[in-house]
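Reading through the structure tokens given below for one structure.
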2 protein chains.
Amino acid sequence: MTFAFDKERHRQGKGSEVEIFEAYLRQKGLKLTVPRRQLLELIFDDHSHFTADQLFDRCRERDVRISKATLYRTLAILTDCKLLSAHDFGGEAKYYEHVFGHEHHDHLVCLACRKIVEFQSPDIEKLQDQAAEELGFAPIHHSLAIFGVCAACAETAEGRKVIEEGQAGPTSVSD
Amino acid sequence: MTFAFDKERHRQGKGSEVEIFEAYLRQKGLKLTVPRRQLLELIFDDHSHFTADQLFDRCRERDVRISKATLYRTLAILTDCKLLSAHDFGGEAKYYEHVFGHEHHDHLVCLACRKIVEFQSPDIEKLQDQAAEELGFAPIHHSLAIFGVCAACAETAEGRKVIEEGQAGPTSVSD
DNA sequence: CTCGATAATGAGAGTGATTCTCATTTAGGG
DNA sequence: CCCTAAATGAGAATCACTCTCATTATCGAG
Ligand SMILES: [Mn+2]
Ligand SMILES: [Mn+2]
Ligand SMILES: [Zn+2]
Ligand SMILES: [Zn+2]
């Protein structure tokens, strides 16, 4: 039952991403160009958490020749029309992920292998709204990321090292 | 009563920050230099959430002449020895804050005036650990920031605008 | 289908926070 | 006081991202 529903929604989803994009472009007087089509295809064809650079590499792999300027511009549009969202996990680059067809969630980030795992906690969401209200804030959005070491990495030397440093870790700078 | 206690702890705190710093430097074979002394003084003399640039301006105000290189290097050391912590609120620059003498907390950030308010929620902390455990993660640290509009800004046109855009807001890029 | 106004694109310059390089000073133990 | 390792400052370098602008492409009107 749940399975059938998800499958159907996913099917609709695939179609709707393009529809939403086109509707948004029309509404804003923007144009549906070849690069934008190609990027939409690449992005919604697969992966869910990616950086601009990873997407750029993916373009090259598939011989889709697009400038970084256009890539960034398209990511901005897709974020504006709520097909993507951007996350700042404190690293160098922002991570983007699909929004359409996905419910809100937060993230666990493995400090050893950079794996990103999603989780949902309605209780946490509730407590956040409560905290905001108590302090007179009108909450608009939030960012919650838990950094740690995933089960797989906890078995490795690298993972153990990260955990150790976790208790009393250095930031370190050269020179 | 509460007042007297805080005052006393603050007095101890002031002393201990220097002690911790000196102990850390000695342990690492680093030197206690004039610039480092001056920065420690400036940082722990007052404000609690600041960017590297704000600290740099403060240096100039007080005729403390220090290069940005040294400033950043010192911030890294202070973060290493757990006197400061760094936060990435998604803006341009990182924010630093005092750790010694402060309990762990998370932040509310006003998108209109950039004010930062602290809050604590043991319940949220508990739920976070629970979520991590369920997914096999060993949590090391986390970052929770709630972005919204503070009570004061909610009265202003700017604040209202931010709240409106919150429901269906643009990312916008020029060109 | 043809045009023309308007938007988009690519290449490369520009940004801004942070880091690095390196020649020149210090700190501090012996 | 001396010596050596560490620190400092000035400016170059990074790096993700944005902007500039000359050259195309889109698409709706005619
Ligand atoms: Mn996600
Ligand atoms: Mn704080
Ligand atoms: Zn991992
Ligand atoms: Zn405010």
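Every heavy atom of this structure was used, including side-chain atoms; hydrogens, water molecules and symmetry mates were not. A note on names: the letters A, B, ... follow the listed sequences, proteins ahead of strands, and every chain is numbered from 1.
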Q: Taking the side chain as every heavy atom from C-beta outward, state whether A:R114 and A:V109 have any atom pair closer than 4.5 Å.
A: yes
Q: Would you mind reading off the distance between B:L25 atom CG and C:dT26 atom P, rounded to a whole angstrom?
A: 19 Å
(Q) Taking atom types as they are modelled, would you say the side chain of B:R26 forms a donor-acceptor pair with the base of C:dG28 within the 3.5 Å cutoff? (A) no
Q: Select one nucleotide: of C:dA17, D:dT8, D:dG9, the one nearest the side-chain heavy atoms of B:A93.
A: C:dA17
Q | Pairwise 5' ranking along DNA chain C for B:E92 and A:G29, keeping only the more 5' one | A | A:G29
Q) What about B:K94: does its side chain form a donor-acceptor pair under 3.5 Å with the base of C:dT18? A) no
Q. Whole Å only: how far is the CG atom of A:L32 from the C1' atom of C:dT9?
A. 15 Å
Q) Taking CZ from B:F89 and C1' from C:dA17, how many angstroms apart are they, rounded to a whole number? A) 17 Å
Q. Rounding to a whole Å, what distance do you find between A:Q27:CD and C:dA7:P?
A. 15 Å
Q) Taking atom P of C:dA8 as reference, at what distance in whole Å does atom CG of A:L75 sit? A) 15 Å
Q | Residue-phosphate contact under 4.0 Å: A:T33 side-chain N/O, C:dT9 OP1/OP2 | A | yes
Q: For A:K31 and D:dT26, give me the distance from atom NZ to atom P, rounded to whole Å.
A: 9 Å
Q. From the list D:dA7, D:dG9, C:dG10, which nucleotide is the closest neighbour of the side chain of B:S67?
A. D:dG9
**Q.** For A:P139 against B:I146, the heavy-atom pair lying closest together
**A.** CB-CG2, 4.0 Å
Q) Using a cut-off of less than 4.0 Å, is there contact between a side-chain N or O of B:Y72 and OP1 or OP2 of C:dT19? A) no
Q.
As a test of reading the structure: which of D:dA5, D:dT20, D:dG9 is closest to the side chain of A:R73, going by heavy atoms?
A. D:dT20
Q) Is there a donor and acceptor pair closer than 3.5 Å between the side chain of B:R65 and the base of D:dG9? A) no
Q) Given atom CD of A:Q54 and atom P of D:dA16, what is their separation to the nearest angstrom? A) 11 Å
(Q) Is it the case that the side chain of B:H98 and the backbone of B:I43 share a donor-acceptor pair, with hydrogens and angles ignored and the cut-off at 3.5 Å? (A) yes
Q: Find which nucleotide of DNA chain D each of B:L30 and B:A69 is nearest to by heavy atoms, and output the residue with the more 5' nucleotide.
A: B:L30
Q: Look only at the side chain of A:H105 and the backbone of A:E103, and say whether a donor-acceptor pair between them is shorter than 3.5 Å.
A: yes
Q | D:dT26 OP1/OP2 closer than 4.0 Å to side-chain N/O of A:R36 | A | no
Q. Do we see a donor-acceptor contact under 3.5 Å between the side chains of A:H104 and A:H142?
A. yes
Q) Could you give the CG-to-P distance, from A:L71 to C:dG12, as a whole number of Å? A) 17 Å
